[in-house]
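Lettering of chains follows the sequences in order, A, B, ..., and the numbering in each one begins at 1.
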Amino acid sequence: MKLKSQINDVIKNAFVKAGIEHEPMSVTEATKPEFGDYQFNGAMALAKRLGKNPRQIAEMIMENLDFSGIVVKAQIAGPGFLNLWINPLWIAQQVQSALHDERLGVSKRENPIKVVVDYSGPNMAKQMHVGHLRSTIIGDTLANLLTFLGDEVIRQNHIGDWGTQFGMLIAYLEETDEDGSGSLKDLEQFYKDAKERFDADEAFADKAREYVVKIQSGDEHCLKLWQKFIDISLRHCEDVYDKLCVKLTRDDVKAESFYNKDLPEVIEELLEKNMLTKSDGAQCIFLEGEEIPVIVQKGDGGYLYATTDLAALRYRANVLEAKRIAYVVDARQGGHFKQVFKVAKESGFVPEDVKLEHIAFGTMMDKNGKPFKTRDGGTVKLIDLLDEAVVKAKGAIKDKEGYSKEEVEALAKIIGIGAVKYADLAINRESNYIFNWDKMLSFDGNTSLYMQYAYARIQSIFRKFNGEIKGDIVIGDALEHRLSVMLLRFEDMLESAADNATPNQITAYLYDLATLFMRFYEHNPILKEGVDEKTKMSRLQLADLTAKTIKQGLDILGIEVVDRL
RNA sequence: GCGCUUGUGGCUCAAUUGGAUAGAGCAUCAGACUUCGGAUCUGAGGGUUAGAGGUUCGAGUCCUCUCAGGCGUACCA
């Protein structure tokens, strides 16, 4: 249900009837209930151009409004706001049809496009740490969202599996534990040990350097070791993805090394296009208005990550045929992406009509606003953080007696992981955010627990009712009206969240919806005595669609619901 | 130095992309229960949106300057 565009149509027709020409303008949601359901502010904007006062224009529109369909009432207010009320009968119908639709009335895109979402991107030499959390879950949410809306989403996990450190790592692997079963349990420790060995023993260091060259030249033995190392490291990541309920699989992995064969071609094509300048021995692209060049080839002939990113962009635009490519990467790399995108367009690696986006996000901070670290100053391993979340969630479960031990485990996982994800997704992704266990595991406020509670509470109504729902929805009062309109806004909200890549729009919506439902439920009894059958049935259906919408919304965020908690 | 970015009640965050009296939660205070799950609901206090100018019918949002923080600044990714 594209509610907004339906109301826009009503306005547009009024403009046509009034004989006013104008570029399309959209209504917005009313800021207050007294102002109706939607408002149109265009009269003010048009006033100057038409040489009329805004209230006059608003009146012209109002006189030509069709009040026989969606809109039943309009009112001019203030300098020229046109407040609009939606027909409750129409709303009731729409809610009912949404309830009987698998997609809750959300339409599939008429013109779906191929979208690449690049996210997570762990480094195979190290364990995943908290820095990967945001990319992983924001990216996954965006991918889920676009998939739900009907786009063809290609998830891409651009893992870091290439570079000089792998020479050292595989040399150490060969020396200590060639099958990798034991010492690689903790990658962080493994890396530390290898580095120590590297610094202490000159012979080992030489071997490590030699192995770098050998992998790059395709030496079979070294490649085998390398592959083993990557496999084990990737399995660590998959444990994390699994715990996080993130949908990334091995099929989504396109590692850095995948683009190795393309790198010389990238340089060659840039040469042909006359875009390269040699500076201090390195191949550079100097962009207009940019002080620092993009270096694509080092003085020693080696390639850099800008080169790989260009190769990846080329692949994604031409082979994968993506029309939108979204990089969910830390905001600090903004400069890098700005430049690389520019080069990609200017060189023709990516056609003009392909949309390139850097979905930037801020850093995770501790309570004191400092970057999130362990007590002794190390990076926090993601897997440890998630395990802790589950332990803490167990403490939050009130009535443990009602469940078996396994049920408590399962519940704690859903609650704990959901809390971590929701807290992250609920804030504007571009700002840094402060990580706080107590806040995220609270039942109050805009948290996953509040949402899960709201859902469970509605399920409890249906357990108690345990009958067949029939009859029509009737909008009985202002709260039911507002709740219904909120439910119908679902698609508009999702579209906006998808366009801007802003998961916090989803959480904000869900929170508003749940809050509104709680108020509705407090004031409008459903199963209590004295509620007539028709009203009961109508309210049950509103509750049903609310629960389904919460569930669908959380599902897009990759968060599960439970019937009881 | 240059560039990017942020600054909103005590705290954590919103604000439909320039719209009406800047909204929530936490905390504080005051209410509502023989609970359709009170893990709820109703209400109150708390703001010169860092500061100063400007643009216009209208600015937290756009422009300029100042102050304060964060980040980035050519052969790591």
Side-chain angles (χ1 to χ4, degrees), chain A residues 4 26-32 34-35 39 41 44-45 47-48 53-54 77-81 83 121 123 125 158 160 162-165 256 279-284 286 289-300 302-306 308-309 329-336 338 360 362-363 365 367 369 371 396 398-399 423 426-428 430-434 436 438-439 442-447 449-450 452-454 456-461 463-465 489 492-493 496 500 504-505 507-509 511-512 515 518-519 521-523 525-529 531 536 539 543 564-565:
Chain A
K4 217 181 243 187
S26 179
V27 294
T28 58
E29 285 128 33
T31 48
K32 284 180 184 177
E34 308 93 87
F35 298 155
Q39 60 177 240
N41 307 325
M44 272 103 69
K48 190 169 261 180
N53 87 52
F81 294 100
N83 295 333
N123 185 340
H158 190 80
W162 207 247
T164 49
Q165 70 261 57
E256 270 177 54
S279 172
D280 288 338
Q283 292 284 13
C284 301
F286 286 89
E290 305 269 344
E291 217 176 310
I292 311 142
V294 181
I295 304 178
V296 289
Q297 193 167 24
K298 295 195 276 188
D300 67 5
Y303 304 106
L304 292 119
Y305 83 127
T308 314
D309 274 343
V329 181
D330 194 299
R332 280 172 290 198
Q333 293 193 40
H336 164 74
K338 197 178 154 205
T363 316
M365 304 293 200
K367 271 184 207 157
K398 222 183 187 180
D399 172 31
I427 65 148
N428 183 330
E430 296 198 57
S431 47
N432 294 343
Y433 99 96
I434 298 186
N436 184 331
D438 295 336
K439 213 185 119 198
S442 163
F443 279 95
D444 298 317
N446 189 7
T447 64
L449 263 176
Y450 183 83
Q452 286 164 332
Y453 170 71
R457 198 175 176 192
I458 297 173
Q459 296 317 303
S460 150
I461 299 170
R463 274 197 298 276
K464 190 155 222 169
F465 168 65
R489 277 181 40 205
D492 284 341
M493 179 281 296
S496 171
N500 305 319
N504 68 314
Q505 285 187 318
T507 59
Y509 170 86
Y511 181 61
D512 283 347
T515 309
M518 292 289 190
R519 290 175 63 187
Y521 190 44
E522 194 79 14
H523 296 98
I526 297 179
L527 301 179
K528 275 189 180 164
E529 284 202 22
V531 182
K536 184 201 284 183
R539 289 176 182 169
R564 302 170 54 185
L565 65 88

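- Within the 4.0 angstrom heavy-atom criterion, base atoms lie near A:Lys528.
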Heavy-atom contacts, protein to nucleotides 17-32 of chain B, under 4.0 Å, summarised as B (base), S (sugar-phosphate only) or - (none) per nt, yield B-BBB--SSS------
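- Taking the C1' atoms as reference points, B:U16 lies 13 Å from B:U61, given to the whole Å.
- With sequence neighbours excluded, no residue forms a salt bridge (Lys or Arg N to Asp or Glu O under 4.0 Å) with A:Asp444.
- Residue A:Lys338 has no polar side-chain atom (N or O) positioned under 4.0 Å from OP1 or OP2 of B:G72.
- Here the side chain of A:Arg457 is nearest to one of B:C2, B:G38, B:G37, namely B:G38.
- The NZ atom of A:Lys536 sits 6.0 Å away from atom CZ of A:Phe465, with the distance rounded to the nearest 0.5 Å.
- Glycosidic conformation of B:U17: syn, with the torsion inside 90° of 0.
- For B:A14, the OP1/OP2 oxygens have no side-chain nitrogen or oxygen of A:Tyr433 closer than 4.0 Å.
- Residue contacts for A:Ala282: at a heavy-atom cut-off of 4.0 Å it reaches a base atom on one of the strands shown.
- Comparing B:G23 with B:G47, their P atoms sit 13 Å apart, to the nearest whole Å.
- Annotation: B:G70 and B:C62 have their C1' atoms spaced 23 Å apart (nearest Å).
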Start with the C-alpha gap between A:Gln452 and A:Leu449, add the side-chain angles, then the distance that decides, and say whether side chain to side chain contact (heavy atoms under 4.5 Å, CB included) holds. CA-CA 5 Å; A:Gln452 286 164 332; A:Leu449 263 176; 3.9 Å; yes
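- A:His523 comes within contact range of the sugar-phosphate backbone alone, with a heavy-atom separation under 4.0 Å but no base atom that close.
- With both ends at atom P, the span from B:C26 to B:C41 equals 9 Å, rounded to whole Å.
- At the heavy-atom level, A:Leu565 lies under 4.0 Å from base atoms of the strands shown.
- Distance from the side chain of A:Arg519 is smallest to B:C41 among B:C71, B:C41, B:G37.
- For the atom pair CD1 of A:Ile427 and CG of A:Asn504, the computed distance is 8.0 Å after rounding to the nearest 0.5 Å.
- Between A:Tyr453 and A:Leu565, the closest heavy-atom pair is N-CD2, 4.1 Å.
- Here the closest non-hydrogen pair linking A:Asp492 and A:Lys4 is OD2-N, 2.8 Å.
- Within the 4.0 angstrom heavy-atom criterion, only backbone atoms of the sugar-phosphate kind lie near A:Asn428; the bases stay farther away.
- One P atom belongs to B:U64, the other to B:U5, and the distance between them is 11 Å to the nearest Å.
- The side chain to side chain donor-acceptor pair (under 3.5 Å) search around A:Glu290 returns A:Gln339, not counting sequence neighbours.
- Along RNA chain B, the nucleotide closest to A:Gly281 and the one closest to A:Lys48 are compared, and the more 5′ of them pairs with A:Lys48.
- In terms of position on RNA chain B, the residue among A:Gln333 and A:Thr363 whose nearest nucleotide sits closer to the 5' end is A:Thr363.
- Side-chain contact between A:His158 and A:Thr308 is present, with heavy atoms from C-beta onward closer than 4.5 Å.
- Taking the side chain of A:Asn432 as heavy atoms from C-beta on, and the options B:C75, B:G70, B:U73, the nearest nucleotide is B:G70.
- In this structure, the separation between CD on A:Glu29 and CE on A:Met493 is 10.5 Å, given to the nearest 0.5 Å.
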Based on Watson-Crick and G-U pairs with both distances under 3.5 Å, what dot-bracket line describes RNA chain B 5' to 3', crossing pairs as [ ] and inter-strand pairs as |? (((((((..((((.....[...)))).(((((.......))))).....(((((..]....))))))))))))....
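- B:A15 and B:A52 are spaced 25 Å apart, taking the C1' atom of each and rounding to whole Å.
- Among the atoms of the strands shown, base atoms are found under 4.0 Å from some heavy atom of A:Tyr521.
- The side chain of A:Tyr453 lies closest to B:G37 when the candidates are B:U16, B:C41, B:G37.
- When heavy atoms are screened at a 4.0 angstrom cut-off, A:Ile526 is found touching base atoms of the nucleic acid.
- With sequence neighbours left out, A:Ala423 forms a side chain to side chain contact (heavy atoms under 4.5 Å, CB included) with A:Met440.
- Rounded to a whole angstrom, the distance from the P atom of B:A22 to that of B:A50 is 15 Å.
- Looking at heavy-atom distances under 4.0 Å, A:Ala456 makes contact with a base.
- If you check every strand for non-hydrogen atoms under 4.0 Å, A:Ser279 touches a base.
- Taking the C1' atoms as reference points, B:U49 lies 14 Å from B:U6, given to the whole Å.
- The side chain to side chain donor-acceptor pair (under 3.5 Å) check on A:Ser26 picks up A:Asn8, with sequence neighbours excluded.
- Between A:Lys298 and B:C75, a side-chain N or O to OP1/OP2 separation shorter than 4.0 Å is absent.
- Looking at heavy-atom distances under 4.0 Å, A:Gly299 makes contact with a base.
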